Amino acid sequence: DLHYPLRRQRQMCIRDSILPALHENKNQDALDHLRRILLHLNLISVECKLHRIEGFDVSNLMGEDAAVSMVVFAKGQPEKNQYRLFNIKNLSTPNDYQMMKQAIARRVKHLEWKRSDLMIVDGGKGQVRAALQAHQTTQVRPPPIIGIAKNPDRLVIPANINTQIKPIKIGWKVITLPIDHPALHLIQRVRDESHRFAKKQHTRLKSKALLD
């Protein structure tokens with residue numbers, strides 16, 4: 001229907017993007033679906049195979065004992081030996097955006113780590129903006145960064161990004177996928193794993209503080 005708004009046309013196109021299973025491996029199928037969506041949104045090149053996906057989440061209680069997790073999925077599978085935790089410094093008030101920004105700025109400095117093909121942050125526009133701001137002061141070109149917002153789970157996609165100015169200018173696309181979409185399931189797995197890992201560290205820090 002040509003009278004549909006552009007965003008609705010885009011969402012309908014993506015809603016119809018579940019393909020027949022092409023592989024016996026469900027992880028590879030999910031990666032193929034996610035690649036197709038990111039290509040459709042012009043976020044990745046055809047050559048990008050999404051070998052390394054990083055997920056980030058913030059965990060804190062009123063700003064205290066804050067930690068940000070980084071989990072790594074290689075070829076659609078968690079690589080727990082590459083997980084990292086960033087204990088947040090010099091922030092004692094609840095500010096998830098600044099915590100996310102600090103953690104990703106520290107991650108970017110580790111040039112010895114493999115480059116991420118995709119970063120997924122738990123949250124919406126504020127968390128995605130913070131992740132992009134973390135790259136602004138470096139010479140490192142940011143990988144594609146998307147957010148997953150809750151209730152219902154939906155993808156928050158930055159578009160038309162201008163990082164040469166402050167504040168960063170960003171256009172936004174919000175994509176709602178069917179609940180049975182393989183790409184959504186993969187993104188949810190990354191989000192849930194980053195949440196679990198961040199909460200584990202937050203609990204550890206809280207317990208240590210109580211014993212000190």
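Note that this is a predicted model, so its numbers are computed, not measured.
Contact between Ala30 and Leu186 at its shortest, heavy atoms only, is CB-CB, 3.9 Å. Scanning all heavy atoms of the two residues, the minimum distance from Pro158 to Val156 falls at CD-O, 3.8 Å. Contact record, Phe197 with Arg84: CE2-O, 3.7 Å, taken as the closest heavy-atom pair. Taking all atoms of both residues into account, the shortest heavy-atom contact from Ala159 to Lys173 is CB-CE, 3.8 Å. Nearest approach of Gln188 to Asp153, heavy atoms of both residues: NE2-OD2, 2.8 Å. Of all heavy-atom pairs between Leu50 and Asp117, the closest is C-OD2, 3.6 Å.
At distances below 3.5 Å, at least one donor-acceptor pair connects side-chain atoms of His181 with backbone N or O atoms of Ala183. Checked by atom type and distance alone, the side chain of Arg154 pairs as donor or acceptor with a backbone atom of Pro152 at under 3.5 Å.
Salt bridge annotation for Asp57-Arg196: absent, with no cationic side-chain nitrogen under 4.0 angstrom from a carboxylate oxygen.
Remark: of the listed residues Gln98, Met99, Arg106, Arg106 is the sole one forming a side-chain contact (heavy atoms from CB on, under 4.5 Å) with Gln102.
Using bins of under 30°, 30° to 60° and over 60° for the plane-to-plane angle, the ring pair Phe86/Trp113 lands in the tilted bin.
With hydrogens and angles left out, the side-chain atoms of Gln133 and Tyr97 include no donor and acceptor closer than 3.5 Å.
Applying the side chain to side chain donor-acceptor pair (under 3.5 Å) definition to pairs two or more places apart or across chains, those involving residues 43-54 are Ser45-Glu47, Arg52-Glu54, Arg52-Gln82, Glu54-Arg107. Applying the salt bridge (charged side-chain N to carboxylate O under 4.0 Å, His left out) test to residues at least two apart or on different chains, none of the pairs has a partner in residues 136-146.
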Under 3.5 Å, which donor-acceptor pairs link side chains of residues 121-132 to any protein atom two or more places apart or in another chain?
{"residue": "Asp122", "atom": "OD1", "partner": "Lys150", "partner atom": "NZ", "Å": "2.9"}
{"residue": "Asp122", "atom": "OD2", "partner": "Lys150", "partner atom": "NZ", "Å": "3.3"}
{"residue": "Gln127", "atom": "OE1", "partner": "Gly124", "partner atom": "N", "Å": "3.1"}
{"residue": "Arg129", "atom": "NH1", "partner": "Ile168", "partner atom": "O", "Å": "2.7"}

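Separation of atoms NE2 (His185) and CG (Leu177) is listed at 9.5 Å; rounding is to 0.5 Å. Taking CG from Asn160 and CH2 from Trp172, the interatomic distance works out to 11.5 Å, rounded to the nearest 0.5 Å. Between Met100 atom CE and Phe56 atom CZ the span is 8.0 Å, to the nearest 0.5 Å.
The shortest distance between side-chain heavy atoms of Met70 and Ser194 does not fall below 4.5 Å.
Atom NE2 of His195 is surrounded by 12 or fewer heavy atoms from other residues, nucleotides or ligands within 6.0 Å.
Taken together through direct or relayed side-chain contacts under 4.5 Å among Ile, Leu, Val, Met, Phe, Trp and Tyr, Ile187 and Ile179 form parts of separate hydrophobic clusters.
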